[in-house]
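Numbers restart at 1 for each chain; the letters A, B, ... are given by sequence-line order, proteins then strands.
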2 protein chains.
Amino acid sequence: MDPTVRLELSVDRGSPVPLYFQLSQQLEAAIEHGRLTPGSLLGNEIELAGRLGLSRPTVRQAIQSLVDKGLLVRRRGVGTQVVHSQVKRPLELSSLYDDLESAGHRPATRVLVNTVVPVSPEIAAALGVAEGSDVHRVERLRLAHGEPMAYMTNYLPLGLLDLDTRQLEATGLYRLMRAAGITLHSARQTIGARAAGATEAERLGEERGAPLLTMQRVTFDDTGRTVEFGTHTYRPDRYSFEFQLLVRS
Amino acid sequence: MDPTVRLELSVDRGSPVPLYFQLSQQLEAAIEHGRLTPGSLLGNEIELAGRLGLSRPTVRQAIQSLVDKGLLVRRRGVGTQVVHSQVKRPLELSSLYDDLESAGHRPATRVLVNTVVPVSPEIAAALGVAEGSDVHRVERLRLAHGEPMAYMTNYLPLGLLDLDTRQLEATGLYRLMRAAGITLHSARQTIGARAAGATEAERLGEERGAPLLTMQRVTFDDTGRTVEFGTHTYRPDRYSFEFQLLVRS
DNA sequence: GAGTGGTCTAGACCACTGC
DNA sequence: CAGTGGTCTAGACCACTCT
């Protein structure tokens, strides 16, 4: 009647991969593949440390990272358990392109505008650049299965990034930024809805007045620079936002 | 030319509050009140530990919690800096009621349905209960400034919670669940849009065909139980989802 | 080379849970 | 009461960044 699971775990001290990370990856894989079933107890930290030849703080660090991901729950006096919840995917700062690709949708992008323009006061405020200065302006139509799905307008400060139209059509904006050495840190998003105007209806192959899903986003890198402002519209019959939230404890 | 900030920090060893938590709260308050300005360096961990009479791991634990919140950035060989970004509010598992209240909107709730019904197959699957079993069904209209803003239908397993109509009108569902000793853990959300049907248009004081913002949510507690399934519609001219995402590193 | 954070150890005591 | 996680210490060595 002991629900504690005995897993085969091992660490490689010759590897440059941190020991706690090796352990957390093995535990995550065991959960993923069902070798650690929901509700099962992990075995206490001291015994686990002894079995692996690690110190307790190292084992705790591994476990803590999975608690932060929402995969495990710790209870004082009880133990550490695998969470039951059906879906494990956490909320990430992801791009539409990545979302579509991982869903197997073969996204395509049509770059309609790729230019440098003087900013409007609103965009200047959002990007944190001086009014009247120049910024990149990119407008893209995203298609899935050949059908228009999203119309995206983005503004970026000059000098951060080469915005090559061919690259923009081959991948997503976030991927280009990461490839340019920008470390993304956080983004502020607003998701809403409105009726389509005549122009935006036509862009997405919709009727005027049709409901559109909208998203505005400002993205920051880890130095605090604003690296991107975007305002996107989606056809709600073809796209919705889906994510998992964790409670901050 | 030293950008390192010298803060007045202290810890109380007699307090039951953990030392790392005392420190992280003081640092967070210092950032909040501008005593630690964006971009400023925090001073190295060893010196900080010595100054406070703490060990380095304890200081690291305090700093790490703020890094996880997105307030600080660590760079090896450089130091720990306060992030620049304008908005600091992180994404939380929040309730509409709390959102409105903190925005000063004086939310009101009208409970239209509060009953127990046999579940449909779809709801049974979402809630993880047996088909044909009974569940709570609650329908609420949320108003702000006396105007309808959201129409919310929620299903809850029996036995978790007393669903008193008066309490439901006085506060939010999440708050009632927490008060009942349920520890919320995570939620899976889908946000989309669609045109209003005749019935839902009338509920929200809209025209048929008007764009609606929609949200479906399944909420889990820390034992893995599904504690709630909800499907909500919002008037997009009166509500939108706003949140900050952090990159998972 | 000097200084920073990243990782790791081998202990310790406490608070809470369940029997 | 025994067993669990929560917190804390005082060191150590390494990898990386900047000058």
Side-chain angles (χ1 to χ4, degrees), chain A residues 1-5 10-25 27 39-68 71-83 181 183 222-223 249, chain B residues 1-5 10-25 27 39-68 71-83 181 183 222-223 249:
Chain A
M1 299 305 277
D2 182 5
T4 303
V5 174
S10 64
V11 293
D12 172 11
R13 303 195 84 98
S15 162
V17 178
L19 299 175
Y20 79 90
F21 193 73
Q22 293 183 36
L23 177 53
S24 72
Q25 282 199 316
L27 291 173
S40 58
L41 285 166
L42 211 58
N44 79 64
E45 300 172 348
I46 309 217
E47 182 266 347
L48 201 52
R51 191 142 59 90
L52 287 161
L54 298 173
S55 68
R56 185 180 168 209
T58 301
V59 170
R60 274 186 69 80
Q61 193 175 0
I63 292 176
Q64 187 59 47
S65 72
L66 298 182
V67 171
D68 292 341
L71 296 175
L72 299 177
V73 185
R74 287 207 243 235
R75 296 167 197 280
R76 192 166 4 194
V78 178
T80 304
Q81 283 179 304
V82 179
V83 157
T183 308
D222 63 351
T223 70
S249 52
Chain B
M1 302 303 280
D2 182 6
T4 303
V5 174
S10 63
V11 292
D12 172 12
R13 301 196 87 99
S15 162
V17 177
L19 300 176
Y20 80 90
F21 193 73
Q22 293 183 36
L23 177 53
S24 72
Q25 282 199 315
L27 291 174
S40 58
L41 285 166
L42 212 60
N44 79 64
E45 300 172 347
I46 313 233
E47 182 266 347
L48 201 53
R51 193 142 59 90
L52 287 160
L54 298 173
S55 69
R56 186 182 166 207
T58 301
V59 170
R60 274 186 68 81
Q61 192 176 0
I63 292 176
Q64 187 59 47
S65 72
L66 298 182
V67 171
D68 292 342
L71 296 175
L72 298 177
V73 184
R74 287 209 243 234
R75 296 165 197 283
R76 190 162 11 188
V78 179
T80 303
Q81 284 179 302
V82 179
V83 157
T183 308
D222 63 352
T223 70
S249 51

Any B:Thr58 side-chain N or O less than 4.0 Å from OP1/OP2 of D:dT7: no
C:dG6 OP1/OP2 closer than 4.0 Å to side-chain N/O of B:Arg74: yes
Relative orientation of the end axes in the helix from C:dG1-D:dC18 to C:dG18-D:dC1, expressed as an angle to the nearest 10° (five pairs per end): 20°
Side chain proximity check, A:Val67 to A:Val73, heavy atoms < 4.5 angstrom: no
Sugar-phosphate only, base, or nothing, as touched by B:Ile46 at under 4.0 Å among non-hydrogen atoms: nothing
d(CD, B:Gln61; C1', D:dG6) in whole Å: 9 Å
Out of C:dC8, C:dA15, D:dT9, whichever nucleotide has its closest atom nearest the side chain of B:Ser55: D:dT9
Earlier contact from the 5' end, DNA chain C, for A:Val78 and A:Leu19: A:Leu19
C:dT7 OP1/OP2 closer than 4.0 Å to side-chain N/O of A:Arg13: no
Whole-Å distance separating the CD atom of A:Glu45 from the P atom of C:dG11: 17 Å
Sugar-phosphate, base or nothing in reach of A:Arg60, heavy atoms under 4.0 Å: base
Closest heavy-atom pair and its distance - B:Val17, B:Gln22: O-NE2, 2.9 Å
Side-chain-base donor-acceptor pair under 3.5 Å for A:Arg56 and D:dG6: yes
